[in-house]
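Here the structure is a predicted model, which means the values were calculated and not measured.
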Amino acid sequence: MSSSAVRTAILSFLETDAPTETVVDLSNQFAELREVLSEAGVQPDAPWLGVDFIGDEELPISLAATNDQGLYREIGTVSLHVCAEAKIGGGQGILTRGEALRNLFRGIRIGNIVVDGVSPVNFGPGATLEFDGGYMSGSVSVSYHYDLSP
């Protein structure tokens, strides 16, 4: 999971810059999807954006970096799962929302977080959320690095 600084900055960015999206942090533990959607205020069959944080590694990038000095770089990915009610033609709405999110993140800096790249919307099995019924999704991957000093 990404650091708390990255999680907070990305969630705040989405709240401010994508106000039409109902954001659901998928990092929390839950037994049923309906539980987490209810806690996030998502109405039944309403569209929502699932956010999943995947921290990859943290490396020292300055000489003699320790817990007290130097510069470290966290590298990771934020998966944006654009979800909507499963219905004929629903993929086009997901694609439109996903492209808007992709454009929002492309080439920006959020504080000390640098977006290194964004993927096109992916609908493939294993690349996005899979549901037993009711919803469908497409995902955009946002790769980043975050520089921090102790």
**Message:** How long is the straight-line distance from CG of L80 back to CD1 of I10, given to the nearest 0.5 Å?
**Reply:** 8.5 Å

**Item:** Side-chain ion pair, E21 and R97, N-O less than 4.0 Å
**Value:** yes

**Asked** CD of E85: more than 12 outside heavy atoms within 6.0 angstrom?
**Response** yes

**Request:** Verify, without hydrogens or angle tests, whether S12 (side chain) and T8 (backbone) share a donor-acceptor contact under 3.5 angstrom.
**Result:** yes

**Close side-chain approach of V51 to H81, heavy-atom, < 4.5 Å** = no

**Asked** Does F105 have its ring centroid less than 6.0 Å away from the ring centroid of F13?
**Response** yes

**Request:** Please confirm whether the backbone N or O of L71 pairs with a side-chain atom of S62, one donor and one acceptor, at under 3.5 Å?
**Result:** yes

**Asked** Is it true that a side-chain atom of T128 and a backbone atom of F123 form a donor plus acceptor pair closer than 3.5 Å?
**Response** no

**Complete:** Closest heavy-atom pair, A9 versus I113, reported as atoms and distance to 0.1 Å, is CB-CD1, 3.5 Å

**Prompt:** At what distance, to the nearest 0.5 angstrom, does CD1 of I75 lie from CD1 of I54?
**Reply:** 14.5 Å

**Item:** Distance, nearest 0.5 Å, that separates CZ of R73 from CG of D56
**Value:** 13.0 Å

**Item:** Closest contact, heavy atoms only, S119 versus S139
**Value:** OG-O, 4.3 Å

**Prompt:** Taking C-beta and beyond as the side chain, do Y146 and Y72 meet within less than 4.5 Å on heavy atoms?
**Reply:** no

**Request:** Check whether any side-chain heavy atom of D52 sits under 4.5 Å from a side-chain heavy atom of V78, and report yes or no.
**Result:** no

**Complete:** All heavy atoms of F53 vs all of S2, minimum pair found to be CB-OG, 3.6 Å

**Prompt:** Going by heavy atoms in the side chains, are T77 and Y144 under 4.5 Å from each other?
**Reply:** no

**Prompt:** Can you find a pair of side-chain heavy atoms, one from V23 and one from L11, that are under 4.5 Å apart?
**Reply:** yes

**Prompt:** Hey, does V82 have a side-chain heavy atom less than 4.5 Å from the side chain of V121?
**Reply:** no

**Request:** To the nearest 0.5 angstrom, please state how far the CZ atom of R106 sits from the CD atom of E99.
**Result:** 7.5 Å

**Student check: side-chain heavy atoms of L14 and L49 closer than 4.5 Å** = yes

**Message:** Tell me the closest heavy-atom pair linking A18 and L104, and the distance in Å.
**Reply:** CB-CD2, 4.0 Å

**Asked** So, do E74 and L59 sit near enough that their side-chain heavy atoms are less than 4.5 Å apart?
**Response** no

**Asked** When hydrophobic residues are tied together by side-chain contacts of less than 4.5 Å, even through go-betweens, does V140 share a cluster with V114?
**Response** no

**Message:** Working note: M136 + I94, criterion side-chain contact (heavy atoms from CB on, under 4.5 Å); need CA distance, chi angles, decisive distance, verdict.
**Reply:** CA-CA 9 Å; M136 57 189 293; I94 289 173; 3.6 Å; yes

**Closest heavy-atom pair and its distance - S27, R7** = OG-NH1, 2.9 Å

**Message:** As a quick check of understanding, evaluate side-chain contact (heavy atoms from CB on, under 4.5 Å) for L148 and E58, giving each step before the final call.
**Reply:** CA-CA 10 Å; L148 62 142; E58 182 180 296; 4.3 Å; yes

**For L129 against C83, the heavy-atom pair lying closest together** = CD1-SG, 3.9 Å

